[in-house]
There are 2 protein chains.
Amino acid sequence: MEKQTITIYDVAREAGVSMATVSRVVNGNPNVKPSTRKKVSEVIERLDYRPNAVARGLASKKTTTVGVIIPNITNVFFSALARGIDDIAAMYKYDIILANADESVDKELNVINNLLAKQVDGIVYMGYNVEDEMIKTIKASRTPVVIAGIVSDDPELYTVSIDIRLAIEQMTERLIQSGGKRPAIVTDSDRYYVNEVHRIPGYKSALAKYDIEVDDDLIIQSDFTDDEGPIIVDQLRSAKATGVVVTKDDIAVGILNALTDSGVKVPEEFEVITSSNSVLTKYTRPQLSSLQYPLYDVGAVAMRLLTKIMNHEEIDQRQIILPHKFISRQSTKPQE
Amino acid sequence: MEKQTITIYDVAREAGVSMATVSRVVNGNPNVKPSTRKKVSEVIERLDYRPNAVARGLASKKTTTVGVIIPNITNVFFSALARGIDDIAAMYKYDIILANADESVDKELNVINNLLAKQVDGIVYMGYNVEDEMIKTIKASRTPVVIAGIVSDDPELYTVSIDIRLAIEQMTERLIQSGGKRPAIVTDSDRYYVNEVHRIPGYKSALAKYDIEVDDDLIIQSDFTDDEGPIIVDQLRSAKATGVVVTKDDIAVGILNALTDSGVKVPEEFEVITSSNSVLTKYTRPQLSSLQYPLYDVGAVAMRLLTKIMNHEEIDQRQIILPHKFISRQSTKPQE
DNA sequence: CTGTTAGCGCATTCAC
DNA sequence: GTGAATGCGCTAACAG
């Protein structure tokens with residue numbers, strides 16, 4: 001399995017120059033006479049020389065590679081975010097090592113250590129929780145890390161996200177304003193941190209505004225497997241919910257379909273509002289109203305922030321909150 | 001931006017051994033006395049030493065990294081495939097560099113060269129076409145490449161796929177058998193090679209079996225943007241199609257929804273069958289009948305094949321065809 | 001079992 | 001402008 005065999009020395013010899021000169025033209029160093037630059041370039045072309053990025057990385061201590069940690073590849077939430085990251089990374093000539101943490105905290109740590117071993121220049125982390133040990137590892141490594149999709153209160157951390165607490169509060173308010181006195185919330189249970197610190201508080205504060213008492217039966221956590229929709233709907237109905245805020249689009253689809261399958265009219269009898277505005281929302285009938293989570297932007301901004309840190313540019317803000325909106329489709333009543 | 005500073009020398013000094021010994025314990029070489037192994041391990045732990053994978057890669061000429069080239073991150077087709085790849089890669093301790101080719105042949109070449117420069121140990125390629133220049137690059141590099149999702153007639157190439165021609169033929173037959181004399185086919189236009197070499201021939205051979213003449217108006221290529229569903233449906237209806245084979249799930253969803261939105265009853269008046277059996281098929285109403293493309297398996301088998309090549313194991317078959325099935329849901333009439 | 005010694009391919013001073 | 005020399009951190013013979 002001999003890989004690339006042509007080295008900088010081969011080029012140097014063929015071109016009748018030293019390897020230092022070849023290195024210079026490869027790296028666009030201006031201190032090369034145009035004529036020799038041309039000569040060397042020709043040889044590079046002819047020999048199909050391709051600089052060994054590994055050797056380069058060792059010598060320069062830069063790999064032009066960033067690690068992206070995601071909880072689960074198959075999560076629709078991810079693809080839009082990934083595109084944002086990828087676009088900006090490509091723009092700045094960084095490659096991406098995609099590391100799937102498989103929804104497990106242990107693996108996350110494993111994965112981040114792995115990335116550090118690979119000497120990535122930076123990391124975009126989209127995890128579940130901001131675990132203490134994670135933070136420790138992040139801080140100990142001198143590798144820049146940007147956390148995407150989670151708000152943290154640790155001022156040292158770089159984060160890009162929307163104000164989730166506020167968003168959930170507003171979504172809940174919408175349900176209340178359109179007449180439902182018993183709005184429910186269904187969260188994906190695996191994101192403990194976000195649930196406890198942002199979502200549930202947001203939900204409760206909306207209720208508080210309208211003097212509605214919290215009923216724990218209306219707070220449902222779900223791991224969601226494909227056919228869980230009907231189960232959740234049963235819980236929702238026996239708790240006499242009038243509408244539901246859902247934090248994950250595929251769960252919302254499951255609930256919506258279970259609802260209509262069982263003859264409940266959405267939105268007339270029951271409102272559903274979801275959180276990611278992924279493509280799924282447009283594929284259902286009725287189409288799902290959703291928080292417009294600017295996924296692409298979060299990814300792009302996170303990556304952009306990371307490049308700034310890697311380039312030692314000045315950072316005016318470590319915690320970036322992006323604005324969010326709402327898209328009213330057909331699963332909620334029209335707002336007046 | 002000082003990265004990891006602790007080297008194998010630091011560990012060696014602290015443990016009072018040579019760096020070779022440290023290297024041995026790190027790599028699990030059995031030729032180390034248990035007591036010194038223990039001593040070294042403790043120092044590693046204490047210093048939080050993490051072997052530099054870049055240096056390792058340079059010295060050993062192995063990076064334990066594989067490149068995965070995909071046409072488009074946001075394609076639902078991909079996520080299942082990626083999971084198959086990722087699972088097996090993780091099993092064999094390989095990291096993945098995800099390279100997005102952005103649906104462009106130029107970028108594909110660019111991307112593959114980039115991957116080769118990074119000295120990946122192997123590549124899984126899920127491209128559109130098997131371009132000549134791609135093949136040349138693949139063969140010139142001594143890096144193993146497995147092509148996933150496309151059948152090729154080049155016996156030197158490693159490929160993992162289903163028999164697409166046959167699958168399309170069978171899908172078309174199903175539509176014919178359930179009474180439709182004018183089955184149409186809608187393909188994503190960007191996959192030229194697959195369309196010309198596998199899909200259209202499969203479609204035509206089904207027609208031939210039933211002595212149905214080919215009507216070019218029934219062969220539609222679409223780039224598909226979100227709201228193109230109604231347009232395609234218009235074409236379909238003015239061509240008097242009785243049903244349609246769709247090659248991409250999101251296009252199928254668009255068509256299905258446009259159909260029902262305009263009052264056409266599916267499957268009674270019009271049948272739809274799609275090709276990837278992605279999660280989308282279950283999210284629509286009616287649910288989409290689909291070719292069961294074993295995406296996960298294709299990804300997993302491709303990755304497994306790649307590991308075999310990388311390990312110089314014996315390969316008994318370069319072109320692997322995986323079996324496919326069909327899932328009858330609600331967008332086609334029940335088969336008798 | 002353990003230490004010594006070469007490179008791996010390149011970026012990078014430092015001279016000239 | 002250009003070349004020679006050094007070292008990045010590690011693996012892999014090769015001795016002992």
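Model, not experiment: these values are computed from the prediction. In what follows, chains are A, B, ... by sequence order, proteins preceding strands, each numbered from 1.
Residue contacts shown for T21(A) are limited to sugar-phosphate atoms, with no base heavy atom under 4.0 Å away. Within the 4.0 angstrom heavy-atom criterion, no nucleotide atom of any strand lies near V54(B).
The separation between N27(B) atom CG and dC10(D) atom C1' is 9 Å, rounded to whole Å. One atom, NZ of K118(A), and another, C1' of dC10(D), lie 15 Å apart when rounded to the nearest Å. The CD-C1' distance, from Q119(B) to dC8(C), rounds to 10 Å in whole Å. For the pair I6(B) CD1 and dG9(D) P, the interatomic distance rounds to 12 Å; values are reported in whole Å. Taking atom CD1 of residue I8(B) and atom P of nucleotide dC10(D), one finds them 5 Å apart after rounding to whole Å. Summarising the geometry, the separation between NZ on K38(A) and C1' on dG1(D) is reported as 18 Å, rounded to the nearest angstrom. The separation between R13(A) atom CZ and dG3(D) atom C1' is 16 Å, rounded to whole Å. Across the protein-nucleic acid pair, Y9(B) atom OH and dG7(D) atom P stand 11 Å apart, rounded to whole Å.
Contact check, R56(A) against dG9(C): no side-chain N or O comes under 4.0 Å of OP1 or OP2. Dashed line: the shortest gap from a side-chain N or O of S18(A) to OP1 or OP2 of dG3(D) is under 4.0 Å. Of the side-chain N and O atoms in Y49(A), one or more sit less than 4.0 angstrom from OP1 or OP2 of dC10(C). Phosphate proximity of dT2(D) to N31(A): absent, as no side-chain N or O sits under 4.0 Å from OP1 or OP2. Dashed line: the shortest gap from a side-chain N or O of K61(B) to OP1 or OP2 of dG9(C) is under 4.0 Å.
The closest side-chain donor-acceptor pair between N113(A) and R50(B) falls under 3.5 angstrom. Side-chain polar atoms of D95(B) and T65(B) form no donor-acceptor pair below 3.5 angstrom.
Residue-to-nucleotide proximity on DNA chain C shows that, of A59(B) and P30(B), the 5′-proximal contact is made by P30(B). Each of T36(B) and L58(B) was assigned the nucleotide of DNA chain C with the nearest heavy atom; the assignment lying further toward the 5' end belongs to T36(B). Between V17(A) and S23(B), the one whose closest nucleotide on DNA chain D sits nearer the 5' end is V17(A).
Comparing atom distances between the T7(A) side chain and each of dG9(C), dC10(D), dA11(C) picks out dG9(C) as nearest.
Residues Y125(B) and E108(B) meet the side-chain proximity criterion, which asks for heavy atoms closer than 4.5 Å.
Note on D86(A) versus R83(A): no salt bridge recorded, every NZ/NE/NH1/NH2 to OD/OE distance being 4.0 Å or above.
Contact of R24(B) with dG3(C) (side chain to base): a donor-acceptor pair of N or O atoms is detected under 3.5 Å.
The environment of CD in E45(A) is sparse: at most 12 heavy-atom neighbours from other residues, nucleotides or ligands sit within 6.0 Å.
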